[in-house]
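Let me begin by presenting the structure, written as structure tokens, before commenting on it.
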Amino acid sequence: YDISLNKQFKTSYSDEELKQISKTVSTYDSSGDAKKTILFKDYTTSLYNLERYNASVGNYAEAIRLGTVEIVIREKVFGKEDPTYIESLGSLVDNYAIIGNYDEAIRLGTEVANIRKKLFGPESPYYVNSLENLVSYNREIKNFNEVARLQQEVTKIKKIIYGVDHIEYALSLANLAVGYSDVKNHKEAIRIGKEAIGLLKRIVDTDNPGYVTSIITLAYEYFEIGNYIEAIRLETEATKILKNIKGAEYSYAMSLSRLARYYTFFGNYNEALQLGTEAIGILKRIVGTDHLDYAESLSNLARLYSKLG
């Protein structure tokens with residue numbers, strides 16, 4: 001009976017397959033003959049099958065338990081540089097991230113990154129992928145200094161791999177601008193954000209999500225330093241683009257809300273009132289009155305009315 005995964009993970013298993021895998025695991029648990037490498041291979045494959053199955057049905061606690069046992073065995077028998085060890089460790093990282101244990105995802109994800117760097121080199125797409133995962137996990141726990149540091153490394157590597165006129169590099173620059181924004185380094189966020197927008201404008205259409213996100217980020221940076229005119233100009237561009245994108249109604253409403261805020265600080269209360277009212281109407285219809293974004297936009301509108309007397 002073949003219980004191996006081959007190269008492609010099966011997303012579902014029959015009851016008979018699960019019984020066979022469980023029987024295999026149980027046999028090796030009690031056989032006392034697991035010192036043989038071939039038995040370890042079969043055993044860890046069975047663990048991997050069960051781990052992936054449990055993850056696929058949302059039983060992440062069991063998936064993590066099985067995955068932890070699996071990587072301990074793989075490390076001792078096959079070593080950390082064995083492809084199956086790296087793959088299994090990566091799966092364990094994913095499971096920790098899914099349940100929100102980002103500290104553990106970062107710890108194990110850093111190990112994955114270091115192994116890939118050693119095996120494939122510091123300019124490998126595999127290494128970059130690991131770094132980007134770490135960026136995501138650190139952002140979740142608001143470790144923004146580490147996010148900026150990691151994203152800076154990602155951007156440097158992508159520049160080497162793809163060159164400056166490639167979408168991957170341009171989007172990485174845009175992400176770096178966000179990283180600097182998060183640590184309140186407005187000067188660098190603006191400088192890099194402008195560079196990213198310039199590249200994206202040449203490479204993609206203006207309705208590309210990366211381009212729109214970049215101009216929104218840059219608008220916010222200008223708002224933060226008190227350049228309301230430039231913030232309004234950029235957010236207005238984003239609003240016009242989002243208005244014409246099918247399925248972007250929520251993003252359009254949020255852009256209107258930001259634009260209303262910028263106009264408020266600029267002192268143009270009538271324009272702010274018009275934009276804020278439109279944003280509230282859309283949000284009420286698509287997310288409802290219990291949504292946090294609706295409540296926040298309503299609060300901003302109330303403050304605006306108080307300014308108008």
Side-chain angles (χ1 to χ4, degrees), residues 125 128-129 131-133 135-136 138-140 144 147-148 150-263 265-266 271 275 278-279 282-283 286-287 293 297:
V128 172
N129 178 256
L131 291 179
E132 288 181 315
N133 289 337
V135 167
S136 176
N138 277 280
R139 185 176 296 284
E140 289 289 343
F144 295 129
V147 168
L150 289 165
Q151 189 59 50
Q152 189 174 38
E153 186 176 358
V154 168
T155 304
K156 287 180 179 178
I157 297 171
K158 287 197 172 184
K159 185 177 183 180
I160 294 170
I161 296 174
Y162 301 107
V164 295
D165 291 323
H166 196 281
I167 182 67
E168 284 290 335
Y169 174 66
L171 290 176
S172 189
L173 266 182
N175 289 333
L176 182 57
V178 173
Y180 280 122
S181 175
D182 288 334
V183 296
K184 307 301 181 185
N185 188 340
H186 303 303
K187 182 179 178 181
E188 277 301 284
I190 289 172
R191 182 184 69 81
I192 292 173
K194 289 170 70 174
E195 184 181 352
I197 288 171
L199 285 175
L200 286 166
K201 209 166 188 175
R202 294 204 316 265
I203 298 170
V204 299
D205 294 331
T206 55
D207 61 354
N208 180 277
Y211 177 77
V212 179
T213 300
S214 295
I215 60 176
I216 289 172
T217 299
L218 190 57
Y220 175 76
E221 288 306 304
Y222 277 118
F223 169 74
E224 284 288 289
I225 65 172
N227 189 340
Y228 303 130
I229 293 176
E230 194 62 13
I232 288 169
R233 183 187 72 80
L234 289 163
E235 193 67 51
T236 298
E237 181 182 355
T239 302
K240 289 178 179 178
I241 294 170
L242 290 168
K243 186 176 183 178
N244 294 314
I245 297 177
K246 187 177 181 180
E249 201 171 14
Y250 171 78
S251 297
Y252 171 64
M254 294 307 296
S255 185
L256 285 174
S257 186
R258 285 190 299 270
L259 190 54
R261 186 183 181 204
Y262 299 163
Y263 269 114
F265 276 81
F266 185 58
E271 187 68 19
L275 293 164
E278 184 181 354
I282 296 171
L283 289 171
I286 63 176
V287 300
D293 289 331
S297 295

ask   = Where is the tightest heavy-atom contact between Ser297 and Ser257, given as atom of each residue plus distance?
value = OG-OG, 3.1 Å
query = In terms of heavy-atom contacts, does CD1 of Ile225 have more than 12 from other residues, nucleotides or ligands at under 6.0 Å?
reply = yes
request  = Would you check, one step at a time, whether the test side-chain contact (heavy atoms from CB on, under 4.5 Å) holds for Ile160 with Lys156?
outcome  = CA-CA 7 Å; Ile160 294 170; Lys156 287 180 179 178; 5.6 Å; no
inquiry  = Taking side chain to side chain donor-acceptor pair (under 3.5 Å) as the cut-off, I'd like each qualifying pair that reaches into residues 192-208, sequence neighbours left out, listed once.
reply    = Asp165-Arg202
request  = Could you pull out the closest heavy-atom pair between Ala174 and Ala196, with the gap in Å?
outcome  = N-CB, 3.6 Å
message = Run the side-chain contact (heavy atoms from CB on, under 4.5 Å) test on Leu256 and Ile282 for me, step by step, so that the C-alpha distance in whole Å, both residues' side-chain angles and the decisive distance to 0.1 Å come before the verdict.
response = CA-CA 10 Å; Leu256 285 174; Ile282 296 171; 4.0 Å; yes
note = Between Val212 and Ala238, the two heavy atoms sitting closest are CG1-CB, 4.4 Å
task = Please determine which of Tyr262, Tyr222, Phe223 meets the side-chain contact (heavy atoms from CB on, under 4.5 Å) test together with Glu230.
result = Tyr222
ask   = Is Asn175 close to Val135 at the side-chain level, that is, under 4.5 Å between some pair of heavy atoms?
value = no
request  = Can you see which heavy atom on Leu173 is nearest to which on Ile192, and at what distance?
outcome  = O-CG2, 3.3 Å
Show me the side-chain donor-acceptor pairs of residues 247-255 shorter than 3.5 Å, one per line, residues at least two apart or across chains.
| residue | atom | partner | partner atom | Å |
| --- | --- | --- | --- | --- |
| Glu249 | OE2 | Arg285 | NH1 | 3.1 |
| Glu249 | OE2 | Arg285 | NH2 | 2.4 |
| Tyr250 | OH | Asp293 | OD2 | 2.1 |
| Tyr252 | OH | Glu278 | OE2 | 2.9 |
| Ser255 | OG | Glu235 | OE2 | 2.6 |
| Ser255 | OG | Thr239 | OG1 | 2.8 |

ask   = How far apart are the closest heavy atoms of Leu218 and Ala189, and which atoms are they?
value = CD1-O, 4.5 Å
task = Taking all heavy atoms of Ile161 and all of Pro125, pick out the closest pair and write down the distance.
result = CD1-N, 4.2 Å
query = Can you tell me if Gln151 uses its side chain to pair, donor with acceptor, with the backbone of Ser172 under 3.5 Å?
reply = yes
query = Are Lys240 and Glu237 ion-paired here, with the side-chain N under 4.0 Å from a carboxylate O?
reply = no
task = For residues 166-221, pull every pair meeting ring pair (Phe, Tyr, Trp, His ring centres under 6.0 Å), keeping only residues two or more places apart or in separate chains.
result = Tyr162-His166
request  = List the steps and the verdict of side-chain contact (heavy atoms from CB on, under 4.5 Å) for Ile232 and Glu271.
outcome  = CA-CA 11 Å; Ile232 288 169; Glu271 187 68 19; over 6 Å; no
